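What you see is a predicted model; the values in this text were computed from it and never measured.
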Amino acid sequence: MTEPTRQTIETQTGDLGLAEYAAALAQGTTSSVAAVGAALDRIEASQPTLNAFRIVRRERALAEAAEADRRLAAGDRLPLLGVPIAVKDDTDIAGEPTAFGCGGTFAPKTEDAESVRRLRAAGAVIVGKTNTCELGQLPFTSADSFGYTRNPWSAEHTPGGSSGGSSAAVAAGLVPAALGSDGAGSVRIPASWTNLVGIKPQRGRISTWPQAESFYGLTVNGPLARTVADAALLLDLAAGPHRGDLHTPATISAGEAVGRDPGRLRIALSLRTPFTATKTPLDPEIAAAVRRIGDTLRELGHTVTVADLHYGLMIGATFLPRSMAGIRAAHQKLPGAQVDPRTIANTRFGRLLDGPALAAARRAEPLLHKRIGTFFHDYDLVLAPTTATPPPRAEDIDGIGVHATNNLITAACPYTWPWNVLGWPSVNVPAGFTDAGLPVGAQLMGTASTEPLLISVAAQLESELHWERERPAPWWQAA
């Protein structure tokens, strides 16, 4: 086995953050064509090994960068004018297909998704679409259609999923930030396994249009970045409703929460897993890492109490119909898609649950809000593990049946999905590394529309722990 290695590095090309890129472009110290061209070169050089991207938009991105340079020269100023970013391949970009991890040939989309429209309105240049597993079902990023996306911290391991391509691209410095989506932890899990900040916002915070809601309300879009400030910036710029959205929470300012003193908070440290049918022991190194985050929060003046959050059985019963019916609906939108037999099995299960069981699951959500919300009478937020294990090997998902697959993914990732049922926000923060050098994370969890609170606490932790200074050794650059 090749041991993962990391380094603390000086700022170089590819190491600028989102806000730093925007400032450099506005000040004229670089051009968008140079910045976007360099990002494209890094992406294409890494594709044979890291394999973070499904689509690389070289010609179109360079043309958009040239237009950004003309606007900059004319004095235009937008928050991300000329900055290269990436989006996940479940998100529509006009002129590009959306394969959502599946094999096959799909027609290019004629319109941008609302989140992409907003990012373009902020001036961003989208250099490509990142890999995701088939229909976002797994905490792995691999499929017959594109192979394996590898973890920048260790070529043998998965970066997580289903937003693994986005997390790999950011952790490797290919782009300063990327958009992912999270239906059961698909932003937070890869963030935890690649040493990134990943925000799962309140449902509806970032529009999922052209879908009024995604996976029956489970899935939301969210940012991945090295720093809290960059993740908050991307969240603010991608956020906002489309007139067809089912969920339209009141506007917040994520960026203003960075650096704001949240006051002395009551924080529950909960290592308890939600109910699962599979035994899900917590890796001792992750338990220790989460406790260290709790210690840092105490040093920052917060009251941290070990207090387990009891989810109850109902929450799992409401997740499964929405998830399986959502997989079926997503598959139906991709006629001719070539997929794994396990995906077909899930679509068939989804057909069985797409009816009374799904309707009952939706009706139960207000009861769950009330029941779990009572826990927050005594606490302001919850600190919990993001995953139960460090990142598995990329090939661990291969050649196993449906039952073994469910056992594998449940044992590795039992912690994140309840907040998708509830629709509430959660933020992954890097929590250090295992003895083998693999990143792990912890999540901060709040009630409805508490992104500003979670972001302010995450920024406090970053100011103490400085996870943004750590970088993986760039094995993907080797000849």
Side-chain angles (χ1 to χ4, degrees), residues 90 133-139 160-163 181-189 200-204 208 211 213-222 246-247 270 272-280 309-331 342-343 345-373 375 382 384-388 402-403 405-426 428 443 445 447-448:
D90 63 347
C133 59
E134 291 176 2
L135 309 181
Q137 300 168 86
L138 305 172
S162 61
S163 304
S181 61
D182 190 314
S186 287
V187 163
R188 290 163 289 162
I189 291 164
K200 176 222 170 295
Q202 175 71 26
R203 182 184 299 145
T208 55
Q211 299 178 77
E213 64 173 3
S214 182
F215 279 71
Y216 299 99
L218 292 180
T219 297
V220 301
N221 295 324
L246 287 182
H247 309 284
S270 177
R272 181 187 179 91
T273 59
F275 171 79
T276 64
T278 303
K279 187 178 181 181
T280 54
L309 176 56
H310 294 264
Y311 294 91
L313 298 180
M314 183 190 298
I315 196 164
T318 63
F319 173 77
L320 197 61
R322 293 162 75 171
S323 175
M324 293 295 112
I327 291 167
R328 177 173 180 256
H331 184 251
R342 291 170 290 187
T343 296
N346 282 342
T347 65
R348 290 171 177 163
F349 194 21
R351 182 172 58 195
L352 295 174
L353 296 176
D354 189 358
L358 177 59
R362 300 308 302 267
R363 289 195 301 270
E365 189 175 311
L367 300 176
L368 291 169
H369 284 162
K370 183 176 181 181
R371 182 186 179 282
I372 296 176
F375 187 81
V382 175
T386 302
T387 68
V402 173
H403 182 68
T405 297
N406 290 338
N407 287 347
L408 172 61
I409 64 179
T410 303
C413 302
Y415 284 100
T416 47
W417 59 268
W419 249 239
N420 295 89
V421 173
L422 296 166
W424 293 344
S426 176
N428 176 80
Q443 57 175 335
M445 305 148 68
T447 54

Checklist entry - Does Asp182 have any side-chain hydrogen bond (donor to acceptor under 3.5 Å, both in side chains) partners at least two apart in sequence or in another chain, and if so, which? => result Arg188, Asn420
Checklist entry - If you look at every heavy atom in Thr219 and Gly183, which pair is closest and at what distance? => result OG1-CA, 3.2 Å
Checklist outcome for this item: In this structure, CD1 of Ile409 is separated from CD1 of Ile189 (nearest 0.5 Å) by 9.0 Å
Checklist outcome for this item: In terms of heavy-atom contacts, Leu358 and Ala325 come closest through CD2-CB, 4.1 Å
Checklist entry - Heavy atoms, side chains only, cut-off 4.5 Å: are Tyr415 and Thr387 in contact? => result no
Checklist entry - What pairs meet the salt bridge (charged side-chain N to carboxylate O under 4.0 Å, His left out) rule with one or both residues in residues 411-422, with sequence neighbours excluded? => result none
Checklist entry - What is the distance from atom CG of Asn221 to atom OG of Ser163, rounded to the nearest 0.5 Å? => result 8.5 Å
Next on the checklist: Could you check whether Asn428 and Thr386, counting side-chain N and O atoms only, form a donor-acceptor pair closer than 3.5 Å?
Outcome noted: yes
Next on the checklist: Looking at every non-hydrogen atom in both residues, tell me the closest pair between Val220 and Gly204 and how far apart they are.
Outcome noted: CG1-N, 4.5 Å
Checklist entry - Would you call Pro274 and Pro418 a side-chain contact if the rule is heavy atoms closer than 4.5 Å? => result yes
Under 3.5 Å, which donor-acceptor pairs do the side chains of residues 347-356 form with other protein atoms, sequence neighbours left out?
from	atom 1	to	atom 2	distance (Å)
Thr347	OG1	Ile344	O	2.6
Asp354	OD2	Arg328	NH1	3.2

Item to check | Donor-acceptor contact below 3.5 Å, side chain Arg203 vs main chain Val421 | outcome: yes
Item to check | Contact summary for Ala329 and Tyr216, nearest pair of heavy atoms | outcome: CB-OH, 4.2 Å
Checklist entry - Pairs in or reaching into residues 312-323: which pass salt bridge (charged side-chain N to carboxylate O under 4.0 Å, His left out), with residues at least two apart or in two chains? => result Arg322-Glu365
With a 3.5 Å cut-off and sequence neighbours excluded, list the donor-acceptor pairs that the side chains of residues 310-320 form with protein atoms.
from	atom 1	to	atom 2	distance (Å)
His310	ND1	Arg272	NE	3.4
Thr318	OG1	Ile315	O	2.8

Item to check | Short side-chain to backbone donor-acceptor contact, Gln202 and Gly423, under 3.5 Å | outcome: yes
Item to check | Flag, side chain of His369 to backbone of Leu422, donor-acceptor distance under 3.5 Å | outcome: yes
Checklist entry - If you round to the nearest 0.5 Å, how far is CE of Met445 from OG of Ser426? => result 5.5 Å
Checklist entry - Are Thr405 and Leu138 side-chain neighbours, meaning at least one heavy-atom pair lies under 4.5 Å? => result yes
Item to check | Contacts of Trp419 that satisfy ring-ring contact (aromatic ring centres under 6.0 Å, His included) - sequence neighbours left out | outcome: Trp424
Checklist outcome for this item: dist Glu134:CD -> Asn346:CG (nearest 0.5 Å) comes out at 10.0 Å
Next on the checklist: For Gln137 and Thr343: C-alpha separation, side-chain torsions, deciding distance, then whether side chain to side chain donor-acceptor pair (under 3.5 Å) applies.
Outcome noted: CA-CA 8 Å; Gln137 300 168 86; Thr343 296; 2.9 Å; yes
Checklist entry - Do you know the tightest heavy-atom contact between Val187 and Gly222? => result CG2-O, 3.9 Å
Item to check | Polar contact flag, side-chain donor to acceptor under 3.5 angstrom, Ser162-Ser186 | outcome: yes
Item to check | Side chain proximity check, Thr208 to Phe215, heavy atoms < 4.5 angstrom | outcome: no
